[in-house]
Amino acid sequence: MMKKSEAPKEQRCCLVTREKGRPEDLIRFVVSPDEMVVPDLTERLPGRGMWLQANQNVLQTAIQRRMFSKAAQRQVKVPDNLLSMIVDGLKFRIKDGLGLARRAGQITYGFVKVREKISQNNVGLIIQATDGSEDEKNRLLSGAKNLPVVAIFTGEELGKFFGRDYVVHAAIHTGPFTGRLLNDSKRLAGFIN
């Protein structure tokens, strides 16, 4: 008999690849009342969900092969800007998650403070500016190569987020925000790389 804690994780099947995956690793789409396909990044919109791997090539294949219409069993419209809707939506979710972590006191920024948190083993995720010095980014992580690193925003974008001119390093403390931010970052990477 299977214990409750050993219950299999819920999985969804990608329309294109037919591979199963965790919902938080995939992108859910629904059809709006005006027959338009929309990404449901929070997985809360009503309607039958259609799932795709978080990958730009998979999205393009789904559009070219009219997979959304087949899955919905009716003719649906795919907006021309569907890719940018996904990218903008995921960036918004990441910024929102960073904001929640900041308000909860679960984020640290600046080289010295982040390095201190790393030495205390209290970091679940590192955020680094895309345009920061590679040597400095590597130096920060020396001895902590196993930490997940996300590089999506420029130093100026991160700086605005923290009320500074420029920020290169930030650390999300080990806790509830780590998983969501890491999942959203991985999904975003499939559409921008």
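Hydrogens, waters and symmetry mates are skipped; everything else that's a heavy atom, side chains included, is used.
Ion pairing between Glu134 and Lys137 holds under the 4.0 Å rule for side-chain N and carboxylate O. Ion pairing of Asp88 with Lys91 is absent here, as no side-chain N (NZ or NE/NH1/NH2) approaches a carboxylate O to less than 4.0 Å.
Between Glu157 and Ile152, every side-chain heavy-atom pair lies at or beyond the 4.5 Å cut-off. When side chains are defined from C-beta on, Phe29 counts as touching Phe68, because their heavy atoms get closer than 4.5 Å. Inter-residue side-chain proximity for Arg22 and Glu10 is flagged as unmet; no heavy-atom pair is nearer than 4.5 Å. By the 4.5 Å heavy-atom criterion applied to side chains, Val123 and Thr108 are not counted as neighbours.
With hydrogens and angles disregarded, no donor-acceptor distance shorter than 3.5 Å links the side chain of Thr17 to the backbone of Val58. In terms of modelled atom types and a separation under 3.5 Å, the side chain of Asp40 and the main chain of Arg28 share no donor-acceptor contact. No donor-acceptor pair under 3.5 Å is formed between the side chain of Arg74 and the backbone N or O of Glu35. Side chain of Arg12 to backbone of Pro23: no donor-acceptor contact under 3.5 angstrom is found. Side-chain atoms of Ser69 never come within 3.5 Å of backbone atoms of Arg66 as a donor-acceptor pair (strictly under, hydrogens ignored). Lys77 places a side-chain N or O within 3.5 Å of a backbone atom of Asp34 that can act as its donor or acceptor partner.
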Begin with the C-alpha distance, continue with both residues' side-chain angles, and end with the deciding distance and a verdict on side chain to side chain donor-acceptor pair (under 3.5 Å) for Arg102 and Tyr109.
CA-CA 10 Å; Arg102 192 179 86 188; Tyr109 64 92; over 6 Å; no
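Between Arg187 and Glu24, the shortest heavy-atom distance links the atoms CD-O, 3.2 Å. Nearest heavy atom pair, residue Pro79 against residue Met85, reads CG-SD, 3.9 Å. Across every non-hydrogen atom of Asp131 and Gly155, the tightest pair is OD1-N, 2.7 Å.
Within a 6.0 Å sphere centred on CG of Asn138, other residues, nucleotides and ligands contribute more than 12 heavy atoms.
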